[in-house]
K.L.:
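My structure is below; once you've seen it, I'll send some questions.
Counting convention: from 1, in listed order, for ligands and their atoms alike. If you're wondering where the values come from, they're calculated on a predicted model, not measured in any experiment. The residues of the chain are indexed from 1 along the displayed sequence.
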Amino acid sequence: MKQNKNNDAQDLGDIDQPLLVFGGPYSNLTAVEAMQQVASQKAIPADRIICTGDIVAYCADAEATTAQIQAWGIHCVMGNCEESLATGALDCGCGFEGDSACSLLSTSWYGYAVRQVTPEQCQWMGRLPRALRFTMAGRQFRVIHGGVDQINRFVFQGSGPEVFKQELEKTGEDIVIGGHSGLPFQYSHDNRYWLNAGVIGMPANDGTQDGWYMLLTPSESCADTPSKEKSIEVSWHRLSYDVTETQQRMIQAGLNTPYKDALATGLWPSMDVLPEDERSKQGQPLILALTVIC
Ligand SMILES: [Fe+2]
């Protein structure tokens, strides 16, 4: 793997087989183990798996989840949680307003995570790339955590065209894969795309307990173009796991927080960061259609 001289993105080269992307393990070891089982069933090796960051957050197994991801050997971009732990910051750097519910709720888990992760793990987090790049079926991808040049920028489908225009103008790649916001979605304009795989460590505020991951699959030539280039199928999938086990670990760790309840209800304890459109859809089970990129 080589570093692109023009930016700090780690170059993964050309990928011509299915790629699995997920975000936000959030210290949820049980969800990570379930994700590993899915990858194994689909025979997707570690070098074709990308995590969009925030390995450590709300749940109880900060140290063990980090160790599990390290041992798995997948590609990870640095999330704001990794940046904060690596730099010894006093909070998670999530970008929450100082007196917001999100900010107050993050205090307990962050303090717990700081005590749990090892110095070696913090150093490893500090070495994670802030961006990855790769090509697939002739298209260029960039993988980041929040915004293109702001690790904790929240980008949701409902953020609006101006936000996507601003962000996409900052990069030369055709397609950006982001994380951080916790919800799976796709946005497209002028044949450029913003994709979010969703997260596995918390539900998607849709009233179900499932996490989400995304598969990019190089496929046959696009039917409506004369090009011989392959297309890319982008599909989103639910990840089910033993939520009760994650809750038990949180209770044992003294993290009897609203996030523990959210694992079961599928509803976020605060929607401070959400645009109006996403707020209005709380509790409605998500359905994401297959997207074909030509
Ligand atoms: Fe984040």
Side-chain angles (χ1 to χ4, degrees), residues 8-9 21-28 31-32 35 50-59 61-62 65-66 69 74-98 100-114 117 121-122 124-132 142-159 163 167 176-185 194-205 211-214 257-259 262-263 268-275 278:
D8 61 352
V21 186
F22 67 92
Y26 296 159
S27 307
N28 187 338
V32 171
M35 189 75 266
I50 295 174
C51 172
T52 59
D54 287 350
I55 297 162
V56 167
Y58 315 107
C59 301
D61 290 293
T65 301
T66 305
I69 295 279
I74 62 175
H75 304 290
C76 289
V77 293
M78 182 191 292
N80 52 283
C81 297
E82 286 75 65
E83 182 185 57
S84 292
L85 288 165
T87 58
L90 296 175
D91 64 41
C92 67
C94 295
F96 302 141
E97 296 294 329
S100 69
C102 286
S103 179
L104 295 172
L105 288 170
S106 71
T107 306
S108 59
W109 67 256
Y110 185 74
Y112 174 83
V114 166
V117 293
Q121 288 180 328
C122 288
W124 174 80
M125 291 175 185
R127 293 193 299 270
L128 290 173
R130 290 172 181 271
L132 301 171
R142 186 177 185 84
V143 187
I144 44 121
H145 181 66
V148 171
D149 59 6
Q150 183 188 331
I151 196 168
N152 66 353
R153 183 171 198 185
F154 286 106
V155 179
F156 296 97
Q157 191 165 39
S159 295
V163 167
E167 289 293 322
V176 172
I177 298 176
H180 187 55
S181 67
L183 297 180
F185 68 87
W194 190 284
L195 307 174
N196 194 311
V199 294
I200 63 169
M202 272 286 144
N205 199 33
W212 286 82
Y213 65 95
M214 182 172 77
T257 67
Y259 290 112
L263 290 167
W268 290 3
S270 169
M271 297 196 290
D272 287 352
V273 301
L274 287 179
E278 278 81 356

K.L.:
How about the Fe ion (ligand 1), which protein N, O or S atoms come within less than 2.8 Å?
P.N.:
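Result, waters dropped: D54 OD2, N80 OD1, H145 NE2, H180 ND1.
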K.L.:
Does the side chain of Y110 reach to within under 4.5 Å of the side chain of V56, using non-hydrogen atoms?
P.N.:
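Of all side-chain heavy-atom pairs linking V56 with Y110, none is under 4.5 Å.
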K.L.:
Could you check if a side-chain atom of T257 sits within less than 4.5 angstrom of a side-chain atom of W109, using non-hydrogen atoms only?
P.N.:
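The answer is no, as the side chains (C-beta and beyond) never meet within the 4.5 Å cut-off.
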K.L.:
Of H145, E167, H180, which meets side chain to side chain donor-acceptor pair (under 3.5 Å) against R153?
P.N.:
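Option passing the side chain to side chain donor-acceptor pair (under 3.5 Å) with R153: E167.
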K.L.:
If I take atom CD from residue E83 and atom SG from residue C122, how far apart are they, to the nearest 0.5 angstrom?
P.N.:
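The SG atom of C122 is 13.0 Å from CD of E83, to the nearest 0.5 Å.
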K.L.:
Could you verify whether a donor N or O on one side chain and an acceptor N or O on the other, from E82 and N80, lie under 3.5 Å apart?
P.N.:
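Result is no, nothing qualifies.
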K.L.:
List the residues meeting side chain to side chain contact (heavy atoms under 4.5 Å, CB included) with A86, not counting sequence neighbours, and say none if there are none.
P.N.:
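A86: side chain to side chain contact (heavy atoms under 4.5 Å, CB included) contacts with M125.
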